[in-house]
Amino acid sequence: MEKKLNTKQIKYFNPLNDYFIRYLFTDKGSSETILLDFINSIMINANMKTFHSVEILTPFNLKKNRNLKETIVDVKCITQNGSVVIIEIQLQGNSRFPERILYYWAANYSKLLKHGERYDELTPVISINLLNFNLDKTKNIHSCYMLYEMNNKKLLTDHLQIHIIELKKFRKNVLSKDLNYWLKIFTSKNLEASMSEIVKEKPIMEEVQKKYNNFVKSKLMMMEYEKKEAYLYGNQIMLDEERKLGREEGIKEGIEQGIEKGKEEGIKETQISMAKNMKNKNIDISLISELTGLSIEEIEKL
């Protein structure tokens, strides 16, 4: 029997962890109503038609999701009218991210037809992207992109629909009520408190609350959650260090040479910095050693 964890030990829980997102939205039999509500909150905020039901196409599977490094999208489903919805959570990115979004949309759209099928059998593909970084300098939290003629604004087709939500720009009560609730959850620093508050006004959050409780009590799922958090944390530190060292050395030797030299000279300091921060977050020492390359003895001395 799987061991249960004491939820009181959890100081901070990242609701954008993609392992948790997959469990929340793609667990067949318990996630459909939650997923439908989230998708419809996006549609309502964009003044678009909502859906009545969804069928999950990428079901959560504990064994298959363990050690999963990359997937095309985090969540994929089909609605009652045949529209395909893909959802991706992205914690780090850059100005080229729109090309990635379009590529993933195209990859999913191109798979809708089998050899010999007609184009009128194609259906819309709706791409929803939650970004934990700012894509541009505008104040838009939720942007929706479609194919329009530039002069008369005529819609060419509704088959391409891309929603981008920039969470860093989120301010409470500036969106539709339902989307506002969801973004409060995704940006919360105290998820349990936020859910307890929102559930009074939005009953579906009781189901979210149940799934969260099941997740954090599962030793296996929390182990995968912590691995992902450590990986993301390490990536961010490495990225910050490379930028910092690259700027310093770049003044003397040029940007490209500076970045490379900065990587070589700063790797040990970065490993130590990563290990210290992970240790402070009570992450298992063996896992810290695996992710940083430091020995267990070195980590214990920090």
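What's counted below: heavy atoms across the whole structure, side chains too, no hydrogens, waters or symmetry copies.
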* Tell me, which pairs form a salt bridge (charged side-chain N to carboxylate O under 4.0 Å, His left out) where one or both residues lie in residues 114-124, sequence neighbours left out? -> R118-D120
* **Residues that K76 engages under salt bridge (Lys or Arg N to Asp or Glu O under 4.0 Å), provided they are two or more places apart** => none
* Asked: So, do K28 and E32 sit near enough that their side-chain heavy atoms are less than 4.5 Å apart?
  -> yes
* Between the side chain of Q80 and the main-chain N/O of S53, is any donor-acceptor distance below 3.5 Å? -> yes
* Indicate whether any N or O donor in one side chain lies under 3.5 Å from an N or O acceptor in the other, for E229 and N17. => yes
* Asked: If you take all heavy atoms of N132 and K168, which pair is closest and at what distance?
  -> O-CE, 3.2 Å
* Which residue, F20, W182, Y19, forms the ring-ring contact (aromatic ring centres under 6.0 Å, His included) with F25? -> W182
* Asked: Any side-chain heavy-atom pair from S41 and Y181 closer than 4.5 angstrom?
  -> no
* Asked: Going by heavy atoms in the side chains, are V84 and Y109 under 4.5 Å from each other?
  -> no
* Let me see the working for Y104 and E88 under side chain to side chain donor-acceptor pair (under 3.5 Å), right down to the final yes or no. => CA-CA 10 Å; Y104 284 3; E88 185 178 9; 4.8 Å; no
* Asked: Quick one: do the S176 and D178 side chains pair a donor with an acceptor below 3.5 Å?
  -> no
* To do: Look at the aromatic rings of F215 and Y23 and report parallel, tilted or perpendicular, splitting at 30° and 60°.
  => tilted
* Is a side-chain N or O of S31 found less than 3.5 angstrom from the main chain of L24, in a donor-acceptor match? -> yes
* Asked: What are the two closest heavy atoms between D74 and I89, and how far apart are they?
  -> OD2-N, 2.8 Å
* Asked: So, for F186 and F170, is the gap between ring centers shorter than 6.0 Å?
  -> no
